[in-house]
Amino acid sequence: MAPKPLSPETKAIVKACVPALEAKGVDITQEMYKRLLANPEIRDLFNMSHQKDGEQQRALAFSVLAYAKHIDNPAPLGPMIERIAEKHVGLNILPEHYPYVGKALLEAIAHVLGDAATPEIMAAWTEAYWFLADVLIGREHQIYEDHAHQPGGWVGWRRFRVAERQPEAEDIVSFKLVPADGKEVMLHKPGQYLSFRLDVPEHGSQRRNYSISSAPSHDHYRLTIKRQPEGVVSNWFYDNVREGQELDVSAPAGDFQLPAEPQKPVVFLSGGVGVTPMISMIETLAENAKAPKMHYVHSTHSPRTEAFGDLIRKLTAEKKMTADLFFSRDKAGASATTPGMAVHEGRIPFEWITTNLDRAADYYVCGPVDFLVLMVQTLKEAGLPTEQIHYEMFGSASNPYLALDADA
């Protein structure tokens with residue numbers, strides 16, 4: 001059932017709050033999370049590292065502001081809503097969680113705005129919150145239903161066993177996961193991620209998402225994790241997770257997906273461990289004799305930090321793809337190139353992107369936030385249509401497309 005449309009009065013009041021949200025949006029979301037996370041059952045649903053660095057608060061403030069700006073016509077928010085819904089499904093967010101969020105958000109608005117939070121404003125925001133909540137709940141229900149009816153699909157948490165642990169590069173390790181019950185698993189869409197419910201010693205309950213770095217298979221998934229300097233979970237995986245260990249995993253999720261039958265040439269543009277979802281896509285296309293032309297552009301510090309280099313060189317040698325590798329700090333020791341592969345020193349320059357831009361191609365971009373935003377900006381400034389730019393942001397469910405639009 002579609003949510004009841006918002007009243008004209010509510011739309012007008014919410015839109016009139018845009019200046020206040022621009023000035024105090026982060027204050028509101030900080031207050032909201034302070035209230036929300038006081039409940040341990042709700043706190044355990046969140047990635048707490050995003051709370052410590054303020055990323056989640058900023059992302060939510062941006063989302064609330066974007067919602068208010070587009071309240072008359074929410075169509076531009078479609079990608080953001082889809083991204084949030086997929087993230088919620090990965091974390092097993094359920095309809096019964098929404099009242100807690102709504103209560104905390106509305107109380108935070110009233111607290112931060114003080115006397116300016118009139119009864120009319122609070123009534124409008126209550127209506128607006130539940131309209132958006134109902135949209136998300138409806139979409140999440142559809143995704144859960146799809147997972148439940150897929151061959152090998154499931155809803156909730158399922159136990160998986162680590163069947164293999166494989167070093168890929170400096171501080172990067174891959175883990176092959178198989179279902180503990182021995183049954184099949186649903187085919188993921190290349191580019192999607194798995195979500196984990198973990199109990200990390202001295203840090204308690206944790207939730208994390210990690211991209212699947214293998215082609216779709218009915219018997220296993222592979223994820224590839226880089227140890228991060230302050231990463232509670234990435235360090236725990238790297239230091240402690242070994243073959244035979246079991247983990248709680250939810251079904252594949254995420255809107256960063258390769259089409260089932262891509263028609264356009266494909267360019268993969270990745271930085272660092274952002275290569276992981278690209279490998280799932282590359283392996284999938286490499287198995288398809290009718291796949292379009294592939295070009296791989298990757299930036300990493302040095303040959304020591306280059307994951308899946310052997311695979312890339314094998315595929316370029318087989319003429320299944322072409323590649324450009326950029327070593328930002330040191331390319332000394334780079335293994336021999338093959339026809340169709342070039343190695344460069346330094347970061348990927350703006351001029352190189354614009355000079356080599358394939359205007360007929362779909363671009364898939366993934367990497368650290370700064371890298372991703374710079375690459376998306378570069379592609380947009382070079383005139384590539386937005387619908388040909390697809391991205392995965394490691395972090396909270398904010399939307400760089402809207403963030404980079406001056407009128408968003």
Side-chain angles (χ1 to χ4, degrees), residues 79 82-83 85-93 139-166 168 174-197 208-225 246-264 266 268 270 273-292 294 296 307-308 311 315 320-321 362 364 366 390-392 394:
E82 182 66 16
R83 185 167 303 231
E86 290 279 354
K87 194 78 74 173
H88 283 181
V89 167
L91 296 172
N92 285 292
I93 302 296
R139 177 60 186 136
E140 290 156 18
H141 175 76
Q142 292 174 341
I143 300 171
Y144 283 128
E145 284 290 299
D146 178 64
H147 288 178
H149 293 94
Q150 289 272 351
W154 73 97
V155 175
W157 300 105
R158 184 176 176 185
R159 297 290 281 179
F160 275 72
R161 177 173 54 82
V162 178
E164 294 178 12
R165 175 188 164 111
Q166 175 66 44
E168 299 289 356
S174 285
F175 301 88
K176 180 180 178 180
L177 305 179
V178 299
D181 59 18
K183 299 179 180 179
E184 69 174 342
V185 297
M186 65 181 277
L187 296 175
H188 71 279
K189 297 178 177 64
Q192 290 190 306
Y193 53 78
L194 297 176
S195 298
F196 294 81
R197 179 178 66 179
R208 289 296 187 277
N209 309 313
Y210 289 108
S211 296
I212 302 168
S213 61
S214 54
S217 165
H218 276 304
D219 58 31
H220 76 278
Y221 301 113
R222 180 179 66 200
L223 61 144
T224 302
I225 298 176
E246 293 190 359
L247 304 165
D248 286 336
V249 184
S250 66
D255 66 328
F256 183 61
Q257 302 172 6
L258 188 72
E261 297 182 4
Q263 302 299 315
K264 297 179 181 178
V266 179
F268 300 106
S270 58
V273 77
V275 67
T276 53
M278 308 305 196
I279 295 301
S280 178
M281 297 180 182
I282 289 169
E283 287 188 346
T284 301
L285 291 176
E287 296 171 358
N288 182 356
K290 298 180 179 180
M294 286 192 287
Y296 174 77
F308 299 104
L311 171 65
L315 294 177
K320 292 185 176 180
M321 63 186 297
D362 275 326
Y364 291 82
C366 187
H390 315 274
Y391 67 92
E392 176 70 295
F394 291 161

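On a predicted model such as this, the values are computed, not experimentally measured, just so you know.
Under the 4.5 Å side-chain criterion, counting only non-hydrogen atoms from C-beta, P216 is in contact with T284. Within the 4.5 Å cutoff, no side-chain heavy atoms of Y210 are placed close to those of T276. Two residues are said to be in side-chain contact when any heavy atoms from C-beta on lie closer than 4.5 Å; V178 and D219 fail this criterion. Side-chain contact between T224 and F308: present, with at least one pair of heavy atoms (C-beta onward) separated by less than 4.5 Å. Side-chain atoms of H218 and L187, non-hydrogen and from C-beta on, do get closer than 4.5 Å to each other. Side-chain contact between P292 and K264: absent, with no pair of heavy atoms (C-beta onward) separated by less than 4.5 Å. Put simply, the side chain of Y193 reaches to within 4.5 Å of the side chain of E86, judged on heavy atoms.
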Derivation and outcome, side-chain contact (heavy atoms from CB on, under 4.5 Å), residues E140 and K87 | CA-CA 9 Å; E140 290 156 18; K87 194 78 74 173; over 6 Å; no
Show your reasoning for whether side-chain contact (heavy atoms from CB on, under 4.5 Å) applies to E283 and L311.
-> CA-CA 9 Å; E283 287 188 346; L311 171 65; 3.9 Å; yes
Stepwise salt bridge (Lys or Arg N to Asp or Glu O under 4.0 Å) test for D248 and R159 = CA-CA 5 Å; D248 286 336; R159 297 290 281 179; 3.0 Å; yes
Dump the intermediate steps for side-chain contact (heavy atoms from CB on, under 4.5 Å) on N209 and L91, then the final yes or no.
-> CA-CA 9 Å; N209 309 313; L91 296 172; 4.1 Å; yes
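For the pair S280 (side chain) and S213 (backbone), a donor-acceptor distance under 3.5 Å is absent. At least one donor-acceptor pair under 3.5 Å links the side chain of H147 to the backbone N or O of P252. Between the side chain of Q166 and the main chain of S174, no donor-acceptor pair closer than 3.5 Å is present.
The two residues S195 and G90 make their nearest non-hydrogen contact at CB-O, 3.0 Å. Between P259 and Y364, the shortest heavy-atom distance links the atoms CD-OH, 3.0 Å. Contact between Y296 and V275 at its shortest, heavy atoms only, is OH-CG2, 3.2 Å. Nearest heavy atom pair, residue Y221 against residue M186, reads OH-O, 2.7 Å. Of all heavy-atom pairs between H220 and V185, the closest is N-CG2, 3.9 Å. Contact record, H88 with Y144: O-OH, 3.7 Å, taken as the closest heavy-atom pair.
In K183, the NZ atom is not crowded: 12 or fewer heavy atoms of neighbouring residues, nucleotides or ligands sit closer than 6.0 Å.
With respect to R222 and E168, no salt bridge is recorded, no charged nitrogen being found less than 4.0 Å from a carboxylate O.
In this structure, I212 CD1 and L194 CG are separated by 4.0 Å, a value rounded to the nearest 0.5 Å. How far NE2 of H188 is from OG of S211: 9.5 Å, rounded to the nearest 0.5 Å. Here CD1 of I225 is found 10.5 Å from CZ of R208. Values are rounded to the nearest 0.5 Å. The line from CZ of F196 to CG of L177 is 5.0 Å long, rounded to the nearest 0.5 Å. Distance NE2/H390 to CD/Q257: 11.0 Å, rounded to 0.5 Å. With values rounded to the nearest 0.5 angstrom, F160 atom CZ is found 7.5 Å from D181 atom CG.
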